[in-house]
Amino acid sequence: MYSVYPPLLGEKNIRIKQAGLLRSERLCGKGAFGPIFKARRRVRLPCLTVVYAPNGLSYRRMGISIGKNYGNANAVERNRVKRLVRELFRRNKDIFPVGCDVVFIPHVGFLNIEINTYCRMFEDLFKDISSTHRKTDDKDKNEI
């Protein structure tokens, strides 16, 4: 995960850690995805469905669910979609609420839409979701 950049004048090679997803930020295995799908909180965007649920942790996690019948059943295309979704999450972590699990389900045509368009959609979507969670949390606190 380290890359070596060319040295500046008078410097030696410097190793700089690349920004990536931590293992704790990834959802792996059926056991991790089950509770999120059971929560039934889904939002349909053009060529992408987002499923989310609170996780009770102090960090956010993401997962990708993409079937083998995606597109032309081409592994290269599926892996490209997964890389783009991971990069979208990694670069925009601040958009997603802390303490929330998010599963992305890309549909055919995902690659036809620019990633910046998805960033704007996520900002609007998760701004609404965060405010909704705050309102329900406030109601729960008042009831106690």
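Contact check for Val85 versus Phe110: side-chain heavy atoms found under the 4.5 Å cut-off. Annotation: side chain of Phe104 is in contact with side chain of Val50 (closest heavy-atom distance under 4.5 Å). Between Cys47 and Asn112, the closest side-chain pair of non-hydrogen atoms is not below 4.5 Å. The closest side-chain heavy-atom distance from Thr49 to Val43 is not below 4.5 Å. Taking the side chain as every heavy atom from C-beta outward, Asn79 and Lys82 approach each other to under 4.5 Å.
One N or O on the side chain of Arg78 and one on the backbone of Lys68 form a donor-acceptor pair closer than 3.5 Å. Judged purely by atom type and a 3.5 angstrom limit, Tyr59 has no side-chain atom pairing as donor or acceptor with the backbone of Cys100. Judged by distance alone, with hydrogens and angles left aside, the side-chain atoms of Arg26 form no donor-acceptor pair with the main-chain N or O of Arg61 at under 3.5 Å.
Relative orientation of the Phe122 and Phe96 rings is tilted, given thresholds of 30° and 60° on the angle between their planes.
More than 12 heavy atoms of other residues, nucleotides or ligands shown are found within 6.0 angstrom of CZ on Arg44.
Classification of Arg90 and Glu25 as a salt-bridged pair fails, no side-chain N sitting under 4.0 Å from a carboxylate O. A salt bridge does not link Arg83 with Glu87: every distance from a Lys NZ or Arg NE/NH1/NH2 to an Asp or Glu carboxylate oxygen is 4.0 Å or more.
When the ring-ring contact (aromatic ring centres under 6.0 Å, His included) test is applied to Phe33, no partner is found at least two apart in sequence or on another chain.
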